[in-house]
Amino acid sequence: MSVSPSRLAAISAANNYRTSKTVAFTESHSAGLFGKNVFNDKIMQQRLPKMAYKSLRKTIDTGAQLDAAVLDIVATAIKDWALEHNATHYAHVFQPLTGITAEKHDSFLEPDGRGGAIAEFSGKQLAQGEPDASSFPSGGIRATFEARGYTAWDVTSPCYLVENANGVTMCIPTAFVSWTGEALDLKTPVLRSMKALDVQAQRVLTLFGHTNIPMVTATAGPEQEYFLIDRNFYLARPDLFTAGRTLFGARPPKGQEFEDQYFGVIPDRVLAFMHESEAELYKLGVPVKTRHNEVAPSQYEIAPIYENANIAADHQQMLMITLKRVARRYGLECLMHEKPFAGVNGSGKHLNWSLGNAAQGNLLEPGNTPHANMQFLVFCAAVVRAVHRHSGLLRALVASASNDHRLGANEAPPAIISIFLGEQLADVFEQLKLGKAKSSKAAGTMHLGVDTLPLLMRDAGDRNRTSPFAFTGNKFEFRAVASGQSIAAPLAALNTIMAESLDYIATKLEKATKGKKFEEAVQDVLTEIARDNGAVIFNGNGYSEEWHQEAAKRGLPNLKTTVDAVPVIAAKSTVAAYERFGILTRRELEARRDIAFEQYVKAVIVEANIVTELVATKYLPTAIRYQTELAQNAAALKIAGVKADRSLLTKVSGLIAELQAENAKLAKIRQHHANGLEAEAAHLCDTVLPQLGSVRKVVDALEAICPDDSWPMPTYEEMLFIK
C-alpha cells in the first residue's frame with residue numbers, strides 16, 4: 001500500500017510547528033494602542049477647523065444632512081493624516097450582497113504634468129466612488145450588461161488604516177447602490193433602519209415627558225465563534241478549502257463528550273494568535289473584550305463590548321478578516337463555516353442588541369423593579385410584539401446552506417424563533433395579561449458556605465442557551481445568527497420591526513391619552529401586547545420535541561431549512577414594514593430573496609461536485625488498492641495451503657460497490673434543472689443533500705477499516721487535536 005505523502009507532510013508540519021514571537025505582547029493591550037489607526041473623534045478635533053468639526057459632529061450625533069461645504073476640508077485632513085502614517089492608497093470599502101467585504105483601491109498620487117507626481121484627495125473622492133457593479137449579486141435589479149454602481153461615504157463610521165508588510169491603505173466605509181439608487185449592499189438598510197428606529201423611539205420617549213432627546217441608536221455586540229486548525233491540514237482537504245466544511249470524515253475516538261474543551265486552557269500557539277489578532281483589532285478601534293475555548297475541540301470565541309450597531313457591523317467584518325489574516329501568520333486556518341466538522345458543535349454568532357441614547361441611557365434596562373418601570377415595559381413589549389409578528393423574517397435572514405447544518409440541532413437555537421424573558425420578566429408579562437403588573441421577583445445573593453469567598457449576586461432568573469432570542473439583563477441576544485455571515489441584515493431587520501412596533505405603540509398612546517390618563521393608556525397597551533403576542537415567550541427547553549409540538553399549537557412558524565425560510569424575505573408583512581419606513585422596496589426585497597436562493601443553490605452544487613470528484617479520485621482508488629492487497633493476500637494464503645478469512649475482503653468489496661452506486665446516483669441527480677431558483681433549491685435540499693449524506697456514510701465506513709497509512713486525507717482526529 002502507498003502512503004499518502006500530503007497527509008504525512010501535513011501531520012509532520014503541524015506537529016513540528018513552533019510559534020515565533022511576532023508582536024510585543026507586553027504592549028499589545030496598552031490603552032495607547034486602541035484606535036491608533038482610526039480617524040476618530042480625537043484626531044478629527046485636532047485636525048479639523050472648528051466649523052468643519054462641529055458640522056461633521058452634528059451629522060454623526062443627530063443624523064443631520066452632511067454639509068457638502070466641508071467635504072474638501074475633511075478630505076484634506078484625512079489625506080494628511082493617512083500620508084503621515086505612510087498610506088499610499090485609499091479604498092472605498094463596502095458590503096455587497098455576497099456577504100463579504102469588498103474594496104476598490106486608488107493611489108493618492110496623481111501626475112503633476114511636469115514628470116512628477118503629487119498626492120491628491122478631494123472631497124468628491126472621499127464622498128463618492130464608482131466600482132464596477134456588474135459582477136456583484138443584484139437579484140435582477142440591474143441587467144448583466146449594466147455595470148455602474150456608486151459608493152457613498154458613511155460619515156458615521158470612521159475611516160481607518162490597514163497595514164500590510166509592504167504598505168498602508170486608508171479605508172473609507174461606504175454604502176453601495178446602483179445607478180438607479182437601489183441598495184446593492186448590506187450597510188444601506190442598516191443606516192436607513194437606524195434612522196427609522198430613532199424617529200419612532202423619540203415619539204415614545206416624548207410621550208413619557210422627555211424633552212431635548214438625543215438621537216436614539218441601536219447598539220450591538222456580536223460574539224464570534226470559530227475553529228482554528230493547522231493550515232497544512234486545511235490545504236490537504238479540498239472539501240474544506242472549497243466548501244468550507246468537511247464533506248467526509250469518520251468521528252474520532254474522542255470528540256467533545258468529556259466537556260473538557262469548554263473554557264479550558266488556551267493552547268500556546270492559539271494564545272499567541274489571539275494576542276496578535278487583538279492587537280490588530282485594538283489599532284482599528286474594535287473593542288474586543290473576551291476570549292476563550294469553546295465547546296468543540298479547536299473551537300474558540302472572541303467577543304466585543306457592544307457599541308453603535310452600524311459601527312459594530314463594520315467592526316464585525318473587520319474582525320473576521322483580521323482573524324483569517326493573522327491565523328495564517330501562525331500556520332493556522334480560521335474556519336467560520338457554521339458546521340465544518342460533523343459530530344461536534346458548530347459555530348454561531350450571538351448578536352447582542354439593544355437601543356438607547358446619551359440622556360435616557362439603555363432603554364432595555366429594567367431596573368430592580370421592572371413591573372413599576374413603565375418606560376422599560378413599553379420598549380420590552382415592543383420587542384416582544386416585533387419578534388412575534390416577524391419571527392419568520394428573523395429566521396429567514398440567518399438562513400443559509402451552512403447554517404441549516406446547525407440550527408435545530410442540540411447545540412444551537414431551534415429554527416422556531418421564540419423569546420426567553422427569564423423568570424422575572426416572564427412573570428411580569430403574565431401579570432400584564434391579567435391587567436396590571438404589581439410585583440417583580442427579586443434578585444438576591446448566594447453564600448457559598450465558605451467565609452473567605454465573596455457573596456455572589458444572583459440574578460432574578462437563569463439564562464437559557466436553547467433560546468434563539470433571549471433577554472440577558474439589559475439587552476436581547478439573537479443566538480441564531482450564522483458564524484460566517486454579516487450581522488447587517490439581522491440588524492436592519494431588528495431595527496425595522498422594532499420601529500414598526502414603536503410606531504404602533506406611539507400611535508395608540510397618542511390617541512388614547514386624549515381621553516384617559518397616560519398611565520392607564522400605557523397599561524392598556526401593555527396588556528393588549530402581552531395577550532396578543534405572548535405566544536412567542538417561551539422559557540423552557542427549546543431542544544425538546546415537546547416544544548416543537550407546543551410551538552405548532554401556538555401558531556409559531558417552524559422553518560427548518562433555508563428553502564422553507566427564504567420566501568419570508570419578500571412576504572407581504574415584510575414588504576409592508578420595510579416600505580413603510582423606507583428601508584427597502586418590494587423590488588429590493590425580492591432581489592434579496594432571489595440572491596439567497598441563488599447562493600443556496602450554488603453552495604449545494606459545489607458540495608455535490610466536490611463529493612463526486614473526491615470519491616472518484618481519492619476514496620475509490622484508495623479502497624480499490626486495499627481490496628487488491630486483500631485479494632492478493634488471500635490468493636497467496638490459498639497457494640500456501642492456509643485457509644484465509646475473506647470477511648474483510650468481502651466487506652471492503654461490498655462498500656466499494658455501494659460507494660460506486662451511491663456516487664453514480666449523486667452524479668445523476670445533481671444534473672437536475674428545475675424551473676426557477678426556488679424549485680431548484682427545493683430539489684437540492686430534498687434530494688441532493690440527503691444523497692451527499694449517503695455517499696459520506698460509505699466513505700466514513702471505509703475510513704474505519706482501511707489502513708491508516710494509506711488514507712488520502714487528514715482525519716478528524718488529526719485536524720481537531722494536533723495543535
Side-chain angles (χ1 to χ4, degrees), residues 6-25 28 33 37 89 91 93 98-103 105 160-169 171 224-246 266-284 286 288 291 293-294 296-302 315-338 340-341 347 349 402 483-486 713-714 716 718-723:
S6 62
R7 180 173 162 227
L8 283 185
I11 294 170
S12 176
N15 191 46
N16 293 312
Y17 186 89
R18 297 295 179 266
T19 299
S20 59
K21 184 177 178 181
T22 59
V23 63
F25 296 149
S28 65
L33 193 68
N37 288 351
H89 290 68
V93 178
T98 56
I100 59 176
T101 300
E103 51 194 40
H105 294 217
Y160 57 94
L161 302 173
V162 171
E163 298 171 329
N164 180 272
N166 292 328
V168 177
T169 303
C171 296
Q224 176 71 61
E225 296 173 342
Y226 60 96
F227 281 84
L228 283 176
I229 66 168
D230 189 280
R231 185 161 167 77
N232 294 284
F233 293 142
Y234 173 77
L235 294 175
R237 294 284 311 217
D239 48 354
L240 258 185
F241 67 71
T242 304
R245 74 179 179 111
T246 52
I266 301 171
D268 285 347
R269 183 180 179 187
V270 174
L271 189 58
F273 150 80
M274 289 178 170
H275 272 292
E276 185 161 351
S277 297
E278 289 168 355
E280 294 287 343
L281 290 167
Y282 289 152
K283 287 191 285 187
L284 294 170
V286 183
V288 289
R291 64 186 182 210
N293 277 13
E294 256 299 332
S298 291
Q299 186 186 33
Y300 309 95
E301 180 177 299
I302 183 171
H315 281 171
Q316 173 59 203
Q317 296 297 103
M318 292 155 65
L319 182 145
M320 289 193 290
I321 292 168
T322 300
L323 291 183
K324 285 184 171 290
R325 180 180 290 143
V326 175
R328 295 186 178 186
R329 298 175 193 169
Y330 290 84
L332 298 167
E333 188 67 29
C334 181
L335 306 177
M336 291 183 182
H337 190 286
E338 286 67 46
F341 302 102
S347 298
K349 183 150 36 200
S402 55
S483 172
Q485 78 169 115
S486 165
M713 295 203 292
Y716 271 30
E718 293 155 358
M719 289 186 288
L720 292 173
F721 291 101
I722 296 179
K723 296 176 171 58

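- Expressed to the nearest 0.5 Å, how far OG1 of Thr322 lies from OH of Tyr282 amounts to 13.0 Å.
- With contacts defined as side-chain heavy-atom distances shorter than 4.5 Å, the pair Lys349/Met320 qualifies.
- Scanning for ring pair (Phe, Tyr, Trp, His ring centres under 6.0 Å) contacts around Tyr234 gives an empty result, with sequence neighbours left out.
- Rounding to the nearest 0.5 Å gives a distance of 4.0 Å between CD of Gln317 and OG of Ser486.
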Task: Working for side-chain contact (heavy atoms from CB on, under 4.5 Å), residues Arg291 and Leu271 - done: CA-CA 9 Å; Arg291 64 186 182 210; Leu271 189 58; 3.8 Å; yes
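- Put simply, the side chain of Ile229 reaches to within 4.5 Å of the side chain of Phe341, judged on heavy atoms.
- Considering all non-hydrogen atoms of both residues, Glu718 and Phe233 come closest at O-CE1, 3.3 Å.
- Scanning both residues, Leu33 and Ala279, for their nearest heavy atoms gives CD2-O, 3.7 Å.
- Going from atom CG of Leu228 over to atom CE of Met274 covers 7.0 Å, rounded to the nearest 0.5 Å.
- Residues Glu280 and Leu284 fail the side-chain proximity criterion, which asks for heavy atoms closer than 4.5 Å.
- Residues forming a salt bridge (Lys or Arg N to Asp or Glu O under 4.0 Å) with Arg325 (at least two apart in sequence, or on another chain): none.
- Closest of all the heavy-atom pairs between Leu720 and Pro297 is CD2-O, 3.5 Å.
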TODO: Report the C-alpha distance between Leu335 and Leu240 in whole Å, list the side-chain angles of each, state the deciding distance to 0.1 Å, and finish with yes or no for side-chain contact (heavy atoms from CB on, under 4.5 Å).
DONE: CA-CA 9 Å; Leu335 306 177; Leu240 258 185; 4.0 Å; yes
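- With rounding to the nearest 0.5 angstrom, the CD atom of Glu103 is 6.5 Å from the CD1 atom of Ile321.
- A perpendicular orientation is assigned to the rings of Phe273 and Tyr330, their planes being inclined by more than 60° (bins at 30° and 60°).
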Task: Candidate pair Glu301 and Glu294, rule side-chain contact (heavy atoms from CB on, under 4.5 Å), full reasoning - done: CA-CA 6 Å; Glu301 180 177 299; Glu294 256 299 332; 3.0 Å; yes
- [ ] Please assess Tyr160 against Met318 for the test side-chain contact (heavy atoms from CB on, under 4.5 Å), listing each intermediate value before the final yes or no.
- [x] CA-CA 11 Å; Tyr160 57 94; Met318 292 155 65; 4.0 Å; yes
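- Within the 4.5 Å cutoff, side-chain heavy atoms of Ile302 are placed close to those of Leu281.
- At a threshold of 4.5 Å between non-hydrogen side-chain atoms, the residues Ser298 and Met719 do not count as touching.
- Interatomic distance, Lys324 NZ to Cys334 SG, rounded to the nearest 0.5 Å: 5.5 Å.
- Rounding to the nearest 0.5 angstrom, the gap separating the NE2 atom in His337 from the OG1 atom in Thr246 is 9.0 Å.
- The salt bridge (charged side-chain N to carboxylate O under 4.0 Å, His left out) contacts involving residues 231-241 comprise Arg231-Glu333, Arg237-Asp239, where partners must be two or more places apart or lie in separate chains.
- Residues Tyr716 and Pro340 approach most closely at OH-O, 4.3 Å, considering heavy atoms.
- Counting heavy atoms from C-beta outward, Asp230 and Arg269 have side chains that approach closer than 4.5 Å.
- Glu225 and Ser483 share no donor-acceptor pair across their side chains, judged by distance under 3.5 Å alone.
- Between Pro238 and Met713 the shortest side-chain heavy-atom distance falls below 4.5 Å.
- For the pair Gln485/Glu338, no side-chain contact is recorded, criterion being any heavy-atom separation below 4.5 Å from C-beta on.
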